[in-house]
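Report on one structure; see the data block that follows.
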2 protein chains.
Amino acid sequence: MTQARRPTSRDVAAAAEVSVATVSYVMNGRTDRRIPEVTRDRVLAAAEELGYAPDRAARMLRRRSTEQICLVIGSFGVPVLDQLAASLHETGDRHGFGLITMVVNSPPSARRAIERLRERIADGVVIAGGLHHIGADGLQELARAGMPAVVLSNAMPADGFDVYCEPESEAMAEAVGHLWSSDRRRIAYLGHEREVAQYHAGLQVDSDRFAAFATALEGHGGRLDADLVVAGADSRAEGYRAVSALLSAPRPPDAIVAASSRSAVSTIWAARDQGLNAPHDLAVVGAGAIPEALVIRPTLSTIGPPGDSDFTDLATMLFDRITARDAGRWREIRRPWIYHRRGST
Amino acid sequence: MTQARRPTSRDVAAAAEVSVATVSYVMNGRTDRRIPEVTRDRVLAAAEELGYAPDRAARMLRRRSTEQICLVIGSFGVPVLDQLAASLHETGDRHGFGLITMVVNSPPSARRAIERLRERIADGVVIAGGLHHIGADGLQELARAGMPAVVLSNAMPADGFDVYCEPESEAMAEAVGHLWSSDRRRIAYLGHEREVAQYHAGLQVDSDRFAAFATALEGHGGRLDADLVVAGADSRAEGYRAVSALLSAPRPPDAIVAASSRSAVSTIWAARDQGLNAPHDLAVVGAGAIPEALVIRPTLSTIGPPGDSDFTDLATMLFDRITARDAGRWREIRRPWIYHRRGST
DNA sequence: CTGTTAGCGCGTTCAA
DNA sequence: TTGAACGCGCTAACAG
């Protein structure tokens, strides 16, 4: 049962008593070459018999394409990734492309991912996470290498790649406006580790979401209270913990804007464990689409994409870029978020 | 800025006025070749200047290895994946290996994944999801192709690959025993779509977890009530919905064993929304490790791995297999689950 | 119209 | 330090 040597197309050709060219034509099911039924069957039988599978490395080398696209994510726990992966899979299949995923959650992993991509491990890439670690420099590096890329970002200048943009400032303004008009005056921000750390360090916060929140609040004459900017949006557990602490503090908030839907769900439940009910005692708004939003009680108010999350347009944009050799103008898909008022506000 | 042609090692060699062999030695930082400092610097400068990155396809073809491992998952939303990916990344880095992920959530996607793997897209694979779609046949196919594989499964006969096994019947027996001795007599099973469908169709249920539950229940003289076997473990939203319906039924359960920790969390909250509190009105047990278990109130009782989830041993096993050409005996790592009694039971 | 030959693509590595 | 063979599938060009 030991695999002495991997069978090659030459082995198959010998076994089927044809040339390697014929094997190649048969294996690729080429319609521009007419192969007689009997020859075809003999080749396929020989391939099956030997357990032959073409070596992708050789094919990649010769064809100058990998027939793969790469999805870069920051971590596995984000609900929207299933949607994104599904869309990429679906569109990829139609082009005969496979999908691989890489996780970027640190500067070193970002370096390695960029290196791998520059080595042409894929024909195109969708960057849906880890962008902070990759940075504008990393994107430039990919662009210079001629790697077709779609970046999910609200803040990146589109120089050398396509952008999928979900502007959220208007939705955020509406949500905060709604909270304000409901007489909420102590509105907390449950943010991601990174943005909150930047804020408290007095640095420039490079987060579109946080900026939109701060702007909206100030627009109503409110002011950002440092005690009400806390980390906890990165996971459900952290969200629960952070909100529990926040509500036990001397001057608890009367509303919470959470930078992820997951942590918004945790917020509702952490509040209830302290005897506080949304929306009466605490208004809660999440950011992003999540199936639970419509299922839990109260239903979760969010800012998020209108309608169902579907990334077919993103996938199409990527494959257009991969297919069209002439770079053309860099494109941008804009899908502004809206405020979905539901039960928690 | 248009990339006329990707620079090759020959381009670098020409620019640095050395041979391609020297370029190769420098790029790989080989210590067994003495390359003078000046030559080295000239080569690196030329590579940088031209934006050269070696073509992985060519390297793969020549080296007969991809320096990549592949993680096969069923979907993105499973908490333990972050742990698994982290361990694989860490161990992979030490070997200079990259990690790619493929999603298998349907028979066609399983076929494509197997095909890709047979084409040697990776040097080894960890199958952590989608196993039902891959099936024993698919695994055999990979084994025959000589692909080193570690399969996370409790039920697969280890014929041609290594197995990472987390037997849970004892933990389940203990959990059910505890429920039983607390006078719970209507114990529901919140299962995965697939196992519940099989059960209600009167088919053989090929789920270790369900079997362990049924056996444990019968061991106490209890019997499986068809009304109390419901689907909803696949996601939080489905769990919430299923439990809400279950608790509104004429004869609701007094305990729920959930086949995922995520749905167990939803269970607690769905119950509370109906005015029922765990553990008093409803005992809840989840399956698997999840950070929230220790954070929410009540803390969640689970069956799961002892201690922290860490898959270093799994990763090591895979790399041993990849490195050691002599197949050796197929290995199995066993990490029996235990019953973690916490606040919800 | 069918099948074959020959050489390409590019990094690696042995022999010199 | 280098020249040249090598790995393997693909395909243009050619022969039967």
Side-chain angles (χ1 to χ4, degrees), chain A residues 3-43 46-47 50-67 96 115-116 118-121 123 145, chain B residues 4-44 46-47 50-67 96 115-116 118-121 123 145:
Chain A
Q3 200 76 19
R5 190 175 60 82
R6 188 182 161 75
T8 73
S9 67
R10 276 155 178 84
D11 298 328
V12 176
E17 297 178 305
V18 294
S19 73
V20 290
T22 304
V23 173
S24 176
Y25 293 140
V26 170
M27 294 307 289
N28 292 310
R30 285 183 52 156
T31 49
D32 56 337
R33 294 288 282 194
R34 237 193 310 286
I35 309 282
E37 197 74 15
V38 284
T39 311
R40 223 179 67 88
D41 290 348
R42 227 175 44 240
V43 171
L50 295 173
Y52 168 74
D55 187 317
R56 190 153 280 273
R59 164 180 294 193
M60 278 162 56
L61 181 58
R62 177 64 213 195
R63 286 217 181 145
R64 310 274 25 169
S65 88
T66 63
E67 292 172 336
E115 218 50 63
R116 273 302 205 267
R118 293 211 331 134
E119 292 169 353
R120 280 218 127 46
I121 199 193
D123 295 334
Chain B
R5 191 175 60 81
R6 189 184 161 72
T8 72
S9 67
R10 276 155 178 83
D11 297 329
V12 177
E17 296 178 306
V18 295
S19 72
V20 290
T22 305
V23 174
S24 176
Y25 294 138
V26 170
M27 293 306 290
N28 290 310
R30 286 184 52 155
T31 51
D32 56 337
R33 293 282 174 167
R34 240 193 311 286
I35 310 281
E37 196 74 17
V38 284
T39 310
R40 223 180 66 89
D41 290 347
R42 226 173 46 241
V43 171
L44 290 176
L50 295 172
Y52 169 73
D55 186 316
R56 190 153 282 272
R59 165 179 291 189
M60 278 161 55
L61 180 58
R62 180 64 225 202
R63 285 215 181 147
R64 309 276 18 157
S65 86
T66 64
E67 291 172 335
E115 218 51 63
R116 275 293 204 276
R118 294 211 329 136
E119 292 169 353
R120 278 216 131 39
I121 199 196
D123 295 334

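Each chain gets a letter, A, B and so on, in the order the sequences are listed, and its residues count up from 1.
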If you compare all heavy atoms of Met27(B) against all heavy atoms of Pro54(B), which two are closest, and at what distance to 0.1 Å? CE-CD, 4.3 Å
Nt span of DNA chain C in reach of chain A heavy atoms at under 4.0 Å, 5' end first, is dC1(C) to dC10(C)
Could you pull out the closest heavy-atom pair between Ser9(A) and Val23(A), with the gap in Å? O-CG2, 4.0 Å
Under 3.5 Å between N/O atoms: give me all the protein pairs with nucleotides 11-16 of chain D, atom names plus distance.
residue: dT11(D); atom: OP2; partner: Arg30(A); partner atom: NH1; Å: 3.3

Would you kindly compare Ile35(A) and Val23(B) by the position of their nearest DNA chain C nucleotide and give the one closer to the 5′ end? Ile35(A)
For the OH atom of Tyr52(A) and the CZ atom of Arg118(B), what is their distance to the nearest 0.5 Å? 10.5 Å
Would you be so kind as to tabulate the donor-acceptor pairs closer than 3.5 Å made by side chains of residues 10-18 of chain A, with sequence neighbours excluded?
residue: Asp11(A); atom: OD1; partner: Arg5(A); partner atom: NH2; Å: 3.1
residue: Asp11(A); atom: OD2; partner: Arg5(A); partner atom: NH2; Å: 3.1
residue: Asp11(A); atom: OD2; partner: Thr8(A); partner atom: N; Å: 2.8

Charged N to carboxylate O under 4.0 angstrom, Arg64(A) versus Asp55(B)? yes
Distance below 4.0 Å between Thr39(B) side-chain N/O and dT1(D) OP1 or OP2: yes
Touch check for Arg56(A), heavy atoms < 4.0 angstrom, all strands: base, sugar-phosphate only, or nothing? nothing
Using atom CG of Asp55(A) as one end and atom P of dC6(D) as the other, report the distance to the nearest whole Å. 18 Å
Take the protein atom CG of Asp11(A) and the nucleotide atom P of dG7(D), then report the distance between them rounded to whole Å. 12 Å
Given that Ser19(B) and Ala58(B) both sit by DNA chain D, which one's nearest nucleotide is further toward the 5' end? Ser19(B)
I want to check something: taking the side chain as every heavy atom from C-beta on, are Val26(B) and Leu44(B) in contact at a cut-off of under 4.5 Å? yes
Rounded to the nearest 0.5 Å, how far apart are CZ of Arg56(A) and CZ of Arg63(A)? 8.5 Å
What is the distance, rounded to the nearest whole Å, between atom CZ of Arg59(B) and atom P of dC8(D)? 18 Å
Could you tell me the separation between the CD1 atom of Ile35(B) and the CZ atom of Arg42(B), rounded to the nearest 0.5 Å? 11.0 Å
